[in-house]
Amino acid sequence: MKVYNSATRTKEEFVPLEGDNVRMYACGITVYDDCHIGHARQAIAYDMISKYLRFKGYKVTYVRNYTDVDDKIIARANQLGVNAVAYAEQKIRESEEDLKRLNVKDADRKPKVSECIPDIIAFIEGLIEKKHAYVSKKGDVWYSVMSFPGYGKLSRKDPDQLLEGVRKDLEEGKKDPRDFALWKSAKKDEIFWKSPWGNGRPGWHIECSAMALKNLGETLDIHGGGKDLIFPHHENEIAQSEALTGKPLARYWTHNGLVTIDGQKMSKSLGNTLTIKEALRKYHPEVIRHAMLSRHYSADVDISAKEFALSEKSLYYFYKTLGDIDAFLAANSPTSEKLTVCDDISANVKSGFVEAMDDDFNSSLAISHLFQICKFVNTLLADKKQPKGAVVVAFQRIRDDIGNAYAVLGLMQEPPGMFIRALNLKHLEEAGLTEEKVQALIEERATAKQKKDYAAADEIREKLDQLGITLQDSRTGTTWGLKLGALPEG
RNA sequence: GGCGCGGUGGCAGAAUGGCGAUGCAGAGGACUGCAAAUCCUUGUAUGCCGGUUCGAUUCCGGCCCGUGCCUCCA
């Protein structure tokens with residue numbers, strides 16, 4: 001298995017530090033507002049990675065932290081007149097609900113800054129002792145960037161060049177503009193903890209170093225986070241942790257790509273953030289996961305109504321095929337006959353998935369295999385020459401392998417009928433129709449068809465078609481479903 | 001300005017030192033009262049200029065364009 005390591009800029013064979021144990025840390029969120037689709041992407045990316053590692057048989061300990069002490073949280077809490085930690089706690093609960101609906105499995109440990117203050121203080125004390133940090137008169141503790149020779153190695157930044165463009169007016173007690181805060185002395189109306197340097201709270205970067213050390217030890221196998229965190233956050237984590245322990249912080253640095261909306265970066269000022277809650281109101285959770293996973297985790301993904309519609313359409317096809325498999329399996333029994341097709345894909349579902357995912361978690365490629373599998377299934381269903389018992393055997397295998405393998409991506413995990421019905425009902429609602437109305441129209445059309453009044457029958461179908469509902473005639477009657485042809489513009 | 005990442009058909013998106021997946025959309029066909037669904041067939045792409053190489057979309061250099069970070073950011 002290969003993993004792209006941002007630190008070396010190469011794909012490397014994945015070898016954990018200790019046998020089958022994988023220690024994985026991903027920078028979680030600062031909980032000051034509703035989680036947006038970018039947070040979802042990060043969570044889904046590391047959800048997929050941890051699930052795949054487990055699928056491969058590794059024993060994974062996955063830690064994802066919460067920053068519940070931070071300027072923005074304090075500002076928001078003060079505005080609302082509530083306790084900052086309590087406010088953060090509320091936002092943590094909400095974010096967990098959002099992610100749970102997206103079928104993101106909880107990390108094994110979810111440390112919070114507010115619960116790790118003693119560990120953070122101890123970490124800082126260690127850095128002061130080793131002369132990598134200093135205390136100002138005010139009671140701030142600063143990390144001395146130039147005391148760490150490797151500073152800039154992850155982000156490829158030259159400390160000398162970092163000096164340019166940096167604010168000239170040094171904060172009180174700060175010796176070098178590049179230094180960053182490990183401990184911030186308490187300002188008025190701010191939540192604080194006691195420390196050897198007076199009342200205050202931890203800086204942002206130190207949290208992750210301390211929590212990773214506490215929960216996973218000196219060297220992580222995989223460290224993850226959004227690529228926007230490479231500098232300064234991850235660079236600073238390295239400076240802190242490696243200065244203290246003298247060991248590499250992580251064997252593999254991974255970075256997930258960011259989400260843009262209609263080609264633009266999401267930001268509060270542009271007013272184009274899409275929260276997870278909003279997305280879930282419009283799209284099925286698996287549709288959102290599909291949209292996130294149909295590009296490689298390290299690439300930026302652009303989201304638009306068109307992208308979601310495309311994901312919806314793909315999943316509709318997959319699920320419809322799975323539904324047809326289930327119907328076939330319910331009606332037929334396995335035999336020891338053999339298929340006569342020359343290319344039996346049923347044996348390769350799992351290996352195709354593994355091959356794709358072994359190459360730096362190529363979920364995009366893994367998903368594309370589903371199209372070939374579904375095409376194979378549909379071909380078998382139409383091929384009346386194949387012995388049914390043999391088709392059953394092939395289908396059982398395909399069904400099991402898809403269910404097991406694609407659980408890693410959190411896709412194809414619903415009963416097909418339920419998924420399709422949910423999608424259909426959503427479109428029905430958008431079209432301003434009800435099931436009863438559609439059913440009545442279907443019956444009206446059936447009567448017209450019986451009278452061979454095809455013009456009237458077609459008129460009804462045309463009317464529904466314009467509303468995005470398609471009628472499908474079969475021997476057993478007429479069913480309705482969402483119209484798949486049209487994608488929204490843009 | 002500094003540092004990084006990327007530019008693949010109409011769109012989305014993999015991969016690769018030699019034949020460039022897959023999906024959507026388009027075209028044609030089978031099926032159908034007509035459709036839909038499904039299946040079959042099919043056209044269209046590696047930003048530009050050099051270099052290395054028998055051969056480059058892939059490796060190297062330059063340019064152009066886009067984008068991220070350099071301040072909080074998943």
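Only heavy atoms go into these numbers, but all of them, side chains included; no hydrogens, no water, no symmetry mates. Below, chains carry the letters A, B, ... as their sequence lines are ordered, and counting in each starts from 1.
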Taking Watson-Crick and G-U wobble contacts under 3.5 angstrom, with | marking pairs to another strand and [ ] crossing pairs, the secondary structure of RNA chain B is written (((((((..(((.....[...))).(((((.......)))))....(((((..]....))))))))))))....
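- Here the C1' atom of nucleotide rA74(B) and the CG atom of D33(A) are 14 Å apart, to the nearest Å.
- rU46(B) and rC40(B) have their P atoms separated by 27 Å, given to the nearest Å.
- Rounded to whole Å, atom P of rA74(B) lies 12 Å from atom CD1 of I276(A).
- The phosphate of rC5(B) (OP1 or OP2) has a side-chain N or O of R9(A) nearer than 4.0 angstrom.
- Relative ring orientation between F318(A) and H290(A) is described as tilted, the plane-to-plane angle lying within the 30° to 60° band.
- Between L258(A) atom CG and rG6(B) atom C1' there is a gap of 13 Å when expressed in whole angstrom units.
- Side chains of T260(A) and D302(A): a donor on one and an acceptor on the other come within 3.5 Å.
- The CG atom of N256(A) sits 14 Å away from the C1' atom of rC5(B) (whole-angstrom rounding).
- Per the geometry, CG belonging to D300(A) stands 11 Å off C1' belonging to rA74(B), to the nearest Å.
- Within the cation-pi definition used here (under 6.0 Å to the ring centroid, within 45° of the axis), K157(A) qualifies as a partner of F231(A).
- Note on Y317(A): a side-chain N or O is less than 4.0 Å away from OP1 or OP2 of rC39(B).
- What separates CG of N236(A) from P of rC69(B) is a distance of 16 Å, to the nearest Å.
- Side chain R461(A) to base rA35(B): a donor-acceptor pair is found below 3.5 Å.
- If you check residues 343-365 of chain A against RNA chain B, the residues with a heavy atom closer than 4.0 Å are N362(A), S364(A), L365(A), listed by number.
- Atom NE2 of H369(A) and atom C1' of rU22(B) are 10 Å apart (whole Å).
- Taking atom CD of E235(A) as the reference point, atom P of rC69(B) lies 16 Å away to the nearest angstrom.
- Evaluation of F371(A) against the base of rG23(B) yields no stacking contact (centre distance < 5.5 Å, interplanar angle < 30° required).
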